[in-house]
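First comes the structure, then the notes that go with it.
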There are 2 protein chains.
Amino acid sequence: MKTEKISEFTINRLSIYLRCLNLLAASGVTTTSSQALAEQFQLNSAQIRKDLTYFGEFGVRGVGYNVTELRAHLNEILGLDRQHRIGIVGAGNLGMALANYRGFEHECFQVAALFDKEASRLGITSRSGVVVHHIDELDEVVARQRIVIGVVAVPAENAQEVVDRLTESGISAILNFAPVRPNTRPGVQLKTMDLAISFESLSYFLSDSGQDGPTPP
Amino acid sequence: MKTEKISEFTINRLSIYLRCLNLLAASGVTTTSSQALAEQFQLNSAQIRKDLTYFGEFGVRGVGYNVTELRAHLNEILGLDRQHRIGIVGAGNLGMALANYRGFEHECFQVAALFDKEASRLGITSRSGVVVHHIDELDEVVARQRIVIGVVAVPAENAQEVVDRLTESGISAILNFAPVRPNTRPGVQLKTMDLAISFESLSYFLSDSGQDGPTPP
DNA sequence: AATTGTGAATTCCTTCACAGCC
DNA sequence: GGCTGTGAAGGAATTCACAATT
């Protein structure tokens, strides 16, 4: 275990490794190696080893990694051995889609509350029975429900205000879907999923397609 | 204009610069500089200049950049001066949320069709009247509607199959929301928005929040 | 005087290659 | 023999700093 600063690239790859291991475990594989993983899932074996050794020595030289053990380690490193309660601000199409997202159901992430400022949306419930509160109840509900992750699913104009209110409410991590780059206090983790950037990037590569010419000898 | 390979980081930042310029233009600003942009929007001025010069010399030394001109250039570079027709595969919560997403309405991206394999979803329409087709009509509808971007909004298990079918149908760019890393033919642009990775990354930073207190072994 | 465009310096990330261990 | 863990090398992205330009 190093005290070195660990890059977000590494953390994101740990999620990928964990997924690969879950697939292997599901098909009954008990032992694997960085090379085997790299080949099956198109990764780089040295990178797998380097990423893992930031957190410990999980392998056995000459043998490889025990799938069950490594899964357990990655789950713990990523904090997936705990419940994380989520509050979604914005009960429009996106907010409700996230609240109903089945990907959460079997996982450690649990949508515990929804918030909106539109009177017409108050009281609506998600498929699993989570109710839409007025945004003015944010502080109270976040505290009562022990919500730690806030999701911003409101229009760009309101995103900064919502981030500020979430921060005030004592939340420690925010996933923002609005196409803005909000300011946050240090200590509050912010991650933005920017649909507009993704589409515009695709648009760029459509325009100048033919980027990838034939590889020289 | 260089022939150098341009990184995706640069392209993504161009989207951000364009947004900033749109804000400036909306408040009547006609001229700006890399420093002014950097200060207002928390960017790095050298990076702005370097990013822009991959595509041309848009500034005037001693003066800065003309907001209207630079917007026009970025719009053209990103291909936002053209319509891009989108087909969404998967008419569940996420697919319908994307189809109804207002961010598209005033932009150059237009959702032209929805697809699903569930009989119960066929014929449903989005708010703007786009109808859900059976996935078997993909090839025909993609051709008829001149769809160039495919969106994958299906469960992980079906994502690779959908990517293959989209590729077969002649689409040139894919935005994937399933938590997998599908294989694509070279020439087809693929971008994955991985919710699971984002949440797991936030979870990680929640666990070890505050690099000051390392956990004992 | 002010700001761009850019080579050089720096920082960060990835890959190589091999010593060390099973 | 085979595989991990890792220092060193290589490559990419960012930032610095200044000559060139208006």
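Within every chain, numbering begins at 1; the chains are lettered A, B, ... in the order of the sequence lines, protein sequences first and strands thereafter. In what follows, every heavy atom counts, from backbone to side chain, and hydrogens, waters and symmetry copies are set aside.
Side-chain contact check for Thr167(A) and Arg185(A): no donor-acceptor pair (N or O, by modelled atom type) lies under 3.5 Å. Side-chain contact, Gln160(B) with Asp164(B): a donor N or O sits under 3.5 Å from an acceptor N or O. Checked by atom type, the side-chain pair Gln47(A)/Asp51(A) shows no donor-acceptor distance below 3.5 Å.
Separating the NZ atom of Lys5(B) from the C1' atom of dA12(D) is a distance of 9 Å, rounded to the nearest angstrom. Between Phe58(B) atom CZ and dG5(C) atom P there is a gap of 9 Å when expressed in whole angstrom units. Regarding Ile48(B), its CD1 atom lies at a distance of 16 Å from the P atom of dT6(C), rounded to whole Å. Atom CD of Glu8(B) and atom P of dC13(C) are 17 Å apart (whole Å). Protein atom CD1 of Ile11(B) is 15 Å distant from nucleotide atom C1' of dA12(D), rounded to whole Å. The separation between Tyr54(B) atom OH and dT6(C) atom C1' is 11 Å, rounded to whole Å. The interatomic distance linking Phe9(A) (CZ) with dA13(D) (C1') rounds to 9 Å, in whole Å. Spacing between atom CG of Leu14(B) and atom P of dA13(D) amounts to 14 Å, rounded to whole angstrom units.
Phe109(B) and Phe199(A) have tilted rings, their planes meeting at an angle from 30° to 60° on a 0 to 90° scale.
Side-chain N/O atoms of Arg13(A) include one lying less than 4.0 angstrom from OP1 or OP2 on dT14(C). In terms of phosphate contacts, Asn44(A) brings no side-chain nitrogen or oxygen within less than 4.0 Å of OP1 or OP2 of dT14(C). Contact between the side-chain N/O atoms of Gln47(B) and the OP1/OP2 oxygens of dC16(D) is not found at any separation under 4.0 Å. Contact between the side-chain N/O atoms of Gln35(A) and the OP1/OP2 oxygens of dC3(D) is found at a separation under 4.0 Å. For Ser7(A), no side-chain nitrogen or oxygen approaches OP1 or OP2 of dC12(C) to under 4.0 Å.
Mapped onto DNA chain C by nearest heavy atom, Lys50(A) and Val63(A) fall at different nucleotides, with Lys50(A) at the one closer to the 5' end.
Side-chain N or O atoms of Ser203(B) include one that pairs as donor or acceptor with a backbone N or O of Gly79(A) at under 3.5 Å. Arg49(A) contributes no side-chain N or O that, together with a main-chain N or O of Ser34(A), makes up a donor-acceptor pair within less than 3.5 Å.
Summarising the geometry of Leu21(B) relative to Val67(B), their closest heavy-atom pair is O-CG1, 3.8 Å, with the distance given to 0.1 Å. Here the shortest heavy-atom pairing between Tyr101(B) and Pro179(A) reads OH-CD, 4.3 Å. Of all non-hydrogen atoms in Ala159(B) and Val180(B), the two that sit nearest each other are CB-CG2, 3.6 Å. Smallest separation of non-hydrogen atoms from Leu114(B) and Ser126(B): CD1-CB, 4.3 Å.
Backbone-only contact: Ser34(A) has heavy atoms under 4.0 Å from sugar-phosphate atoms and none from a base.
Here the side chain of Thr53(A) is nearest to one of dT4(D), dA17(D), dG5(D), namely dG5(D). The side chain of Tyr65(A) approaches dG5(D) more closely than any other nucleotide in the set dT14(C), dA8(C), dG5(D). When the nucleotides dA17(C), dG5(C), dT22(D) are ranked by their closest atom to the side chain of Ala46(A), dA17(C) comes out on top.
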Table of protein N/O atoms under 3.5 Å from nucleotides 18-20 of chain C N/O atoms:
unit_1	atom_1	unit_2	atom_2	d
dG20(C)	N3	Arg61(A)	NH1	3.2

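In the helix from dA1(C)-dT22(D) to dC22(C)-dG1(D), the end axes, each obtained as the rotation axis mapping the C1' atoms of four pairs onto the next four within a five-pair block, lie 0° apart to the nearest 10 degrees.
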